[in-house]
Amino acid sequence: AQTVTQSQPEMSVQEAETVTLSCTYDTSESDYYLFWYKQPPSRQMILVIRQEAYKQQNATENRFSVNFQKAAKSFSLKISDSQLGDAAMYFCAYRPRYSGGGADGLTFGKGTHLIIQP
Amino acid sequence: GAVVSQHPSRVICKSGTSVKIECRSLDFQATTMFWYRQFPKQSLMLMATSNEGSKATYEQGVEKDKFLINHASLTLSTLTVTSAHPEDSSFYICSARGDLNTEAFFGQGTRLTVV
């Protein structure tokens, strides 16, 4: 079974600074997707960034970038120029690219609560 | 991005009754829909995966007779919590994915309170 581990229950960063959220995962699959989701107090899940395991290049979306280390099974999220609106729970998630039996939902980590200090 | 609408956003029901939650994909055909449960300050746990026109696949430990899932069309999936009890109180979130999508899109969630 796949597992996703987020070892930081809470992180705090000053506004305009950079913060990195860590995520490790365990899988026997070679082809899969990794995601970072943001969940603000409204509890709406918002996709922040996505990485395909077969791509060596790290994904980037504006101020958000990842450091994907496939051999180490590590997938960290870097948020540059942190803004007050970035405050939320951040979840790392995994799913295999192909699955048997029709069950291929996301496996989530426990989340990291990100606090932005003004 | 694609829009997924979940209804109701909040529901309170009496113990022993059933409650239905709807999940609709508004601008795409959702061949696969997922149902998650999230307890306060915890992560999302996958309950089941449903493919249009076929029976849902439930995760281990999820009672299929208690959580009935129907995915009768490419735009609608429903989750019915039968004979609800206070321990079923939780936040339920659906997501939907089309054939051409890598990621699934999430609904707004439903806060269920059983009294």
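All values reported here derive from a predicted model rather than from experimental measurement.
Note: F105(B) and F28(B) have perpendicular aromatic rings, judged against thresholds of 30 and 60 degrees for the angle between ring planes. Aromatic ring orientation, Y32(A) versus Y25(A): perpendicular (interplanar angle above 60°, classes split at 30° and 60°).
Neither the backbone nor the side chain of Q6(B) comes within contact range of chain A, judged by heavy atoms closer than 4.5 Å. Looking at Y58(B), there are no atoms closer than 4.5 Å to chain A (heavy atoms on both sides), in backbone or side chain. Only the side chain of Y33(A) comes within contact range of chain B, judged by heavy atoms closer than 4.5 Å. With a 4.5 Å cut-off on non-hydrogen atoms, R50(A) touches chain B through its side chain but not through its backbone. Residue contact with chain B, scored on non-hydrogen atoms closer than 4.5 Å, is absent for Q6(A). Both the backbone and the side chain of E103(B) have a heavy atom closer than 4.5 Å to some heavy atom of chain A. Contact of L106(A) with chain B is made through backbone and side chain together, with heavy-atom distances under 4.5 Å.
Of the residues listed (V48(A), I116(A), L114(A), T20(A)), the one engaging I79(A) in a side-chain contact (heavy atoms from CB on, under 4.5 Å) is L114(A), and it is the only one.
At a cut-off of 3.5 Å, with distance as the only test, no side-chain donor of Q29(B) or E52(B) sits close to an acceptor on the other residue.
Residue F108(A) is grouped with residue I93(B) when hydrophobic side chains (ILVMFWY) are merged at heavy-atom distances under 4.5 angstrom, including chains of intermediate members. Using a 4.5 Å cut-off between side-chain heavy atoms of Ile, Leu, Val, Met, Phe, Trp and Tyr, with links allowed through other members, F35(A) and I49(A) fall into different hydrophobic clusters.
If you tally non-hydrogen atom pairs under 4.5 Å between each of R111(B), R97(B), Q42(B), K41(B) and chain A, the highest count goes to R97(B). For the options G109(B), G107(B), A56(B), heavy-atom pairs under 4.5 Å to chain A are most numerous at G107(B).
Around CD of E87(B), the count of heavy atoms belonging to other residues, nucleotides or ligands within 6.0 Å exceeds 12.
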